[in-house]
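Numbers for residues simply follow the sequence, beginning at 1. Quick note: numbers below take in every heavy atom, side chains included, and nothing from hydrogens, waters or symmetry partners. Please read these numbers as outputs of a predicted model, since none were measured by experiment.
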Amino acid sequence: MASEKQVMIVGIDDSEHSTYALKWTLDHFFADPNRIFKLVLVHARPSATSAVGLAGPVYSGAADILPIVDSDLKKIAARVVDSAVQLCNDKSVTDVITTVVEGDPRNVLCDAVEKYHASILVVGSHGYGAIKRAFIGSVSDYCAHHAHCTVMIVKKPKTKH
């Protein structure tokens, strides 16, 4: 009886950092046909209200805008997942689980680690400076401290001009 493969989760979004992290992971962990990991791609989709930035009482036009924003967010999520699956297919990795969960990426990724009993979580690094990271928060920092598995932060090399 074959032993169950360990799970590796890769957080994906529509950034070049995320795409680089996925490509790097595929090249370094999934090039061997006898791969030891099962791949799970997780995309955290913002809610329409968080994307519009509504806080407190809903203004009068929100009811009209939210369904449109929600539809756009669903299209973006589908495009992100399709693009990631295509990258996997290009590298002959076809046994991939994809999931889109509405919520903050920090919580979504840590919850996915628990749900799939992941051994490794891979996230890209946006390379934000200390001030921007303080305001928007770093998904990779949060996951490194809260995910109950090894967290690998893949940084895209700086391009030389």
Side-chain angles (χ1 to χ4, degrees), residues 5-48 50-51 53 69-161:
K5 287 185 178 181
Q6 295 181 63
V7 174
M8 181 179 289
I9 293 176
V10 179
I12 57 171
D13 62 21
D14 58 351
S15 72
E16 64 183 86
H17 304 282
S18 167
T19 301
Y20 179 83
L22 177 57
K23 286 179 184 174
W24 189 93
T25 301
L26 292 169
D27 289 343
H28 288 84
F29 288 94
F30 292 88
D32 182 346
N34 299 316
R35 49 189 75 103
I36 61 168
F37 290 101
K38 178 161 192 60
L39 182 60
V40 178
L41 304 177
V42 178
H43 175 64
R45 181 173 76 82
S47 68
S50 70
V69 172
D70 190 57
S71 174
D72 286 347
L73 291 170
K74 286 178 180 168
K75 288 176 190 166
I76 292 166
R79 189 180 69 237
V80 167
V81 169
D82 290 347
S83 177
V85 168
Q86 186 59 53
L87 283 174
C88 293
N89 289 339
D90 292 347
K91 302 282 186 178
S92 302
V93 178
T94 56
D95 183 22
V96 180
I97 295 172
T98 61
T99 183
V100 176
V101 179
E102 186 176 292
D104 184 300
R106 294 170 279 224
N107 300 325
V108 166
L109 291 172
C110 288
D111 290 348
V113 164
E114 298 300 315
K115 177 180 177 181
Y116 292 100
H117 307 289
S119 300
I120 300 178
L121 169 63
V122 179
V123 291
S125 172
H126 285 258
Y128 295 141
I131 294 173
K132 191 166 189 181
R133 207 170 38 247
F135 280 105
I136 65 168
S138 167
V139 172
S140 57
D141 282 351
Y142 183 90
C143 291
H145 289 94
H146 295 90
H148 295 155
C149 69
T150 298
V151 177
M152 185 167 25
I153 302 167
V154 178
K155 294 178 96 175
K156 187 175 184 204
K158 290 189 183 213
T159 53
K160 296 186 170 105
H161 298 298

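One distance of note links OG of S125 with NE2 of H17; it measures 7.5 Å at 0.5 Å rounding. If you take NZ on K5 and CG on L39, they are separated by 10.5 Å, rounding to the nearest 0.5 Å. Going from atom CD1 of I9 over to atom CG of D111 covers 10.0 Å, rounded to the nearest 0.5 Å.
For the pair Y116 and T99, the minimum side-chain heavy-atom distance is below 4.5 Å. Looking only at side-chain heavy atoms (C-beta outward), C110 and Y142 come within less than 4.5 Å of each other. Residues V42 and L109 have side chains in contact (heavy-atom distance under 4.5 Å, counting atoms from C-beta outward).
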* To do: With side chain to side chain contact (heavy atoms under 4.5 Å, CB included) as the test, would you mind laying out the steps for V7 and I97 before giving the verdict?
  => CA-CA 10 Å; V7 174; I97 295 172; over 6 Å; no
* Asked: Which is it for S18 and S15 under the side chain to side chain donor-acceptor pair (under 3.5 Å) test, yes or no, and what are the steps along the way?
  -> CA-CA 5 Å; S18 167; S15 72; 4.7 Å; no
* Please lay out, stage by stage, how C88 and F30 fare under the test side chain to side chain contact (heavy atoms under 4.5 Å, CB included). => CA-CA 9 Å; C88 293; F30 292 88; over 6 Å; no
* Carefully, step by step, assess V81 and L41 under the rule side chain to side chain contact (heavy atoms under 4.5 Å, CB included). => CA-CA 8 Å; V81 169; L41 304 177; over 6 Å; no
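Looking only at distances, no side-chain donor or acceptor of S83 sits under 3.5 Å from a matching main-chain atom of R79. Side-chain atoms of H43 do not come within 3.5 Å of backbone N or O of V100 as any donor-acceptor pair.
Under the 4.0 Å criterion applied to side-chain N and carboxylate O atoms, R45 and D70 are assigned as salt-bridge partners.
Listed here is the closest heavy atom pair of V123 and A21: C-CB, 4.2 Å.
Applying the salt bridge (Lys or Arg N to Asp or Glu O under 4.0 Å) test to every pair with at least one member in residues 88-98, sequence neighbours left out, gives these pairs: D27-K91, K38-D95.
Partner V85 forms a side chain to side chain contact (heavy atoms under 4.5 Å, CB included) with one of D82, N89, L87 and no other, that one being N89.
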